[in-house]
**Q** 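After the structure tokens below, expect a handful of questions from me.
Heavy-atom basis, side chains included; hydrogens, waters and symmetry copies ignored. Reminder, nothing fancy here: chain letters follow the sequence lines and each chain counts from 1.
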Amino acid sequence: MRVMAQMSMVMNLDKCIGCHTCSVTCKQVWTNRDGMEYVWFNNVETRPGLGYPRGYEDQEKWKGGWERTKRGRLKMRAGGRMSLLFRIFANPNLPTIDDYYEPWTYDYDMLTKAPQTKNGPVARPKSQLTGKDLDIQWSGNWDDNLGGSQETAADDPILAHMSEHVKMEFEETFMFYLPRICEHCLNPTCVSACPSGAMYKREEDGIVLVDQDACRGWRMCVSGCPYKKVYFNHKTNKAEKCTLCYPLIEQGKPTICSETCVGRLRYLGLMLYDADAVLEAASIENEHELLEAQRNVMLDPFDPAVIAAAKSEGMADDWIEAAQKSPIYKLLSEYKVALPLHPEYRTMPMVWYIPPLSPVVDVVSNTGNDGEDVRNLFAAIDKLRIPLEYLAGLFTAGDTAPVEQSLRKLAAMRSYMRDINLGNEPDESIAQAVGMTGTEIEAMYRLLAIAKYEDRYVIPKAHVEQARDLEDLACSLDGDGGPGMGGPERSDRLRSPRKPATPSGATVAGFKALKNMSDPTQPSTPGRLNLLNWDGRGGDSGLFPPAEPAGGSA
Amino acid sequence: MTVTEVLAWVAFPYIAATSFFAGHIIRFRYDKYGWTSRSSQTYENKLLAWGSPLFHYGIFGVFAGHALGLFIPREWTEAIGIDEHAYHLIAVWGGSIATAVMIAGIIILLIRRSTVGRVVRVTTTMDVVMYTLLVATVVFGTAALLKHQIFGEAFNYRGTISPWLRSLMIFQPDVTLMTGVPLAFQLHVLTAVALFLVWPYTRLVHVLSAPFGYLFRPYVVYRSRDAQRGARKTPRGWEHSYTVESDPAGSRSTDSGSMDSGSMDSGSTASGSNPSERERAGR
């Protein structure tokens, strides 16, 4: 057993309202640069729909992920190492910019500079690749809210695998949103396909990153990833991908997409897993058993044997504690309501989803029945095969049983909590019907419905003894007049009596720069307190100007 | 032995070699971020799917032929029983096939580079310089092949050009070897030397990162957050770093973890902390 920690995410799809705030804030932080216009580390897809890039789930076409050979070994769907190197000069499975969309801007100048004419001036869309006029055909969420889906949704790879009547009926039946980020897989194909070895999985928290200095732009990761979550920066000609906002995670803070999620549907926490068991689990023959196999790779953070093994690997106590408190562990392994996206790709993805019950509830309510009655809901789950099969196509390689179990638990929770809210005696049989206890249901309700910030995001900080060299590096925004202005704690640090006069490990040049720049965190008058970064505690001296001597000038 | 000849066959090659080696070292040291194949496949795929493999596989053959002709002395090939006639047949046939494949590829790539709008837009000055020298080298090399090796009386480059190159490599340059060489060969050599001169400053750096190591490493690469820390300077892409004294222990205890503090801090932390992980937020 080799215990490793994985920072993981669960998204509760029932709560996603499709507002794209996660996408927008992510873009502002990470991809608002030239060459990255078309890149969405986080995107929100309307399902049924094509997703982004168009039809990325069609692995017959894109050849992403792994496949199991007849001899039971895992092989990249695109081919082995040799064949991959032979096709390095033109990657046959690479999506082109047209599979995403041609990025564009508008000719805004026209609006202010056009001469007076009979008709108002128009800002035409201009391609950012050629500078020419562009007829916009597609974008990151062109089929948002099923827009135009009569035309396009038949190409949804999941629907394509379902029967004909489903395709006809789906639009009347259901719709939901699927926010996607990088899955930070346990068995990532992007990392495996990188010829340069520039992509890696971090030992400490399992975040998958691209070493920008080592990437040579061979593009195999882009096609290798079955989720198409590695993007090619066409200005720097290097691969970039979702970083799980590791600079935030290292400080114990949630990712930007989680932080700004309006529906508060994202959960972040550690999972402990057995790295030695990953390959075997990913190689299981029956695709329907992959979910259970991945669950079995996860380790129980309360098991003394696991704790001992984790400690022998050098894992810190606070990380083990964080793994025990992890909301992800509860949702994946205890309640078992969360499911992975496309386990059949055999990459062991670590961003899981709680399937949406709302399509079912909507149907029950729309027919005039009680959408909170457990019998109605159970019956509807049984009967509504279409959403069930579709969800199974996304989350369980087509096996409806785990989706059904998950939805039944959500339905049971809904009914059980209804009784409590109405002041009735809660019906324990509802909980038993889904193999849970009333206490468990209540705990799950708290986590899913009203969990506080610190319960949704249980993120242990990166260990400072490992991060000592961060001392040399500071935020560029902290510069003279920069928006960071030295960060929240710097004035404390500068004043700290425990520290020697010359910072240890700091570069001389950097220190000079620090001394030379006008420091906005320092009070403008010596001896006075700087109110700009006063935290409200202490500071009784220097808060007010020194008392005027009696009888001073009036 | 004129001054021009010394400049052309001694000084120029040594300058080019210095530029080639020093340029690569300096660029690797200071511009790893810019070290890439600069693929434009995402812009255009159909022409590239033919042109690029044809060109690359062709040039592998051409490279192998040059290595054989330039670095293996005639005595060695004769020692293993390949006489001059047999060698000539192998060289001409192999060279012609490889050259044809390479030229087919480079024509497709040139058409693509000059007609596909998206690709034209990202073509840099150094790309133009590189393409010019490359095409010139190929043209003169092919001319020499056609004029002298195929239709003419086979020129004995293994008695002239090859020993000249080897004399440079052992730092005992022999200019006289190059004086009687036909013009096409001379121009081919000079343009090739010029190509080596500019090599490290163009996209051709990707040749040196041919990823053979991929065949011998495990699929999934793990790397510690702590690895290689401190040995590197702040990479390009980060404007500059003002150094502040840090007290990580203090900052750990003061964090409240409340929603407000999280959202207030997040902007600066996301773009600022830990650039030594070499995963950049903004350029």
Side-chain angles (χ1 to χ4, degrees), chain A residues 29 33 81 89-90 94 96-97 129-130 191-192 195-197 200-204 209-213 216-217 219 232 234 237-238 243 245 247-248 250-251 253 256 259 453-454 461 464 466 469-479 484 489-490 493 496 499 503 506-507 510-511 513-514, chain B residues 32-33 36-39 41-43 45 48-49 52-53 56 117-118 121 206 209 211 213-215 217 219-226 229-230 234-235 238-239 241-249 251-252 254 257 259 262-263 266 268-270 272-276 278-283:
Chain A
V29 170
R33 290 167 283 144
R81 295 168 200 259
F89 310 114
L94 188 77
T96 64
I97 196 82
L129 299 184
T130 61
V191 174
S192 307
S196 310
Y200 60 99
K201 199 165 170 60
R202 290 216 301 199
E203 274 168 26
E204 288 83 358
L209 294 171
V210 186
D211 181 340
Q212 291 290 303
D213 278 351
R216 301 285 171 253
R219 320 172 295 290
F232 188 70
H234 59 91
N237 303 287
K238 303 228 167 183
T243 64
C245 290
L248 286 168
E250 282 171 9
Q251 299 194 18
K253 290 171 183 163
I256 283 290
E259 174 77 57
Y453 193 84
E454 55 270 25
K461 289 188 179 180
V464 289
Q466 299 163 344
D469 296 306
L470 281 177
E471 288 170 17
D472 266 4
L473 305 160
C475 175
S476 61
L477 298 177
D478 291 350
E489 286 129 20
R490 202 172 82 185
R493 281 185 231 146
S496 167
K499 282 292 177 182
T507 56
F511 186 60
L514 173 69
Chain B
K32 283 203 192 80
Y33 190 41
T36 145
S37 54
R38 298 207 37 237
S39 166
Q41 194 185 351
T42 47
Y43 292 147
N45 202 2
L48 185 97
S52 179
H56 281 93
R118 294 169 180 176
R121 282 259 297 201
H206 76 271
S209 26
Y214 179 54
L215 297 174
R217 68 144 224 255
Y219 268 134
V220 180
V221 178
Y222 293 93
R223 202 194 282 181
S224 171
R225 212 164 55 83
D226 215 14
R229 271 290 169 67
T234 309
W238 294 91
E239 303 222 318
S241 65
Y242 291 113
T243 306
V244 290
E245 191 180 350
S246 74
D247 182 3
S251 67
R252 293 186 74 194
T254 52
M259 194 155 186
S263 56
S266 53
S268 59
T269 39
S273 72
N274 198 5
S276 63
R278 283 156 272 126
E279 178 75 32
R280 290 195 189 77
R283 291 190 62 210

**Q** Under 4.5 Å between any side-chain heavy atoms of A:R216 and B:S37, yes or no?
**A** no

**Q** If every non-hydrogen atom of B:A49 is compared with every non-hydrogen atom of A:A90, which pair is closest and at what distance?
**A** CA-CB, 3.8 Å

**Q** Which atoms of B:R118 come close to chain A, meaning under 4.5 Å heavy atom to heavy atom: side chain ones, backbone ones, both, or neither?
**A** both

**Q** Look only at the side chain of A:R81 and the backbone of B:R217, and say whether a donor-acceptor pair between them is shorter than 3.5 Å.
**A** yes

**Q** Nearest heavy-atom pair of A:F89 and B:S52: which atoms, and what distance?
**A** O-OG, 2.7 Å

**Q** Keeping the roles fixed (side chain from B:T42, backbone from A:I97), state whether a donor-acceptor pair exists under 3.5 Å.
**A** no

**Q** To the nearest 0.5 angstrom, please state how far the CD atom of A:E203 sits from the CZ atom of B:R223.
**A** 10.5 Å

**Q** From A:D211 CG over to B:Y33 OH, what is the distance, rounded to the nearest 0.5 angstrom?
**A** 11.0 Å

**Q** Using distance alone, with no hydrogens and no angle criterion, decide if B:S224 and A:E204 have a side-chain donor and acceptor under 3.5 Å apart.
**A** yes

**Q** About how many Å separate CG of B:L48 and CG of A:L94, when rounded to the nearest 0.5 Å?
**A** 9.5 Å

**Q** Give, for atom CZ of B:R225 and atom OH of A:Y200, the distance between the pair rounded to the nearest 0.5 Å.
**A** 10.0 Å

**Q** State whether the side chain of A:T96 and the backbone N or O of B:N45 hold a donor-acceptor pair below 3.5 Å, judged by distance alone.
**A** no

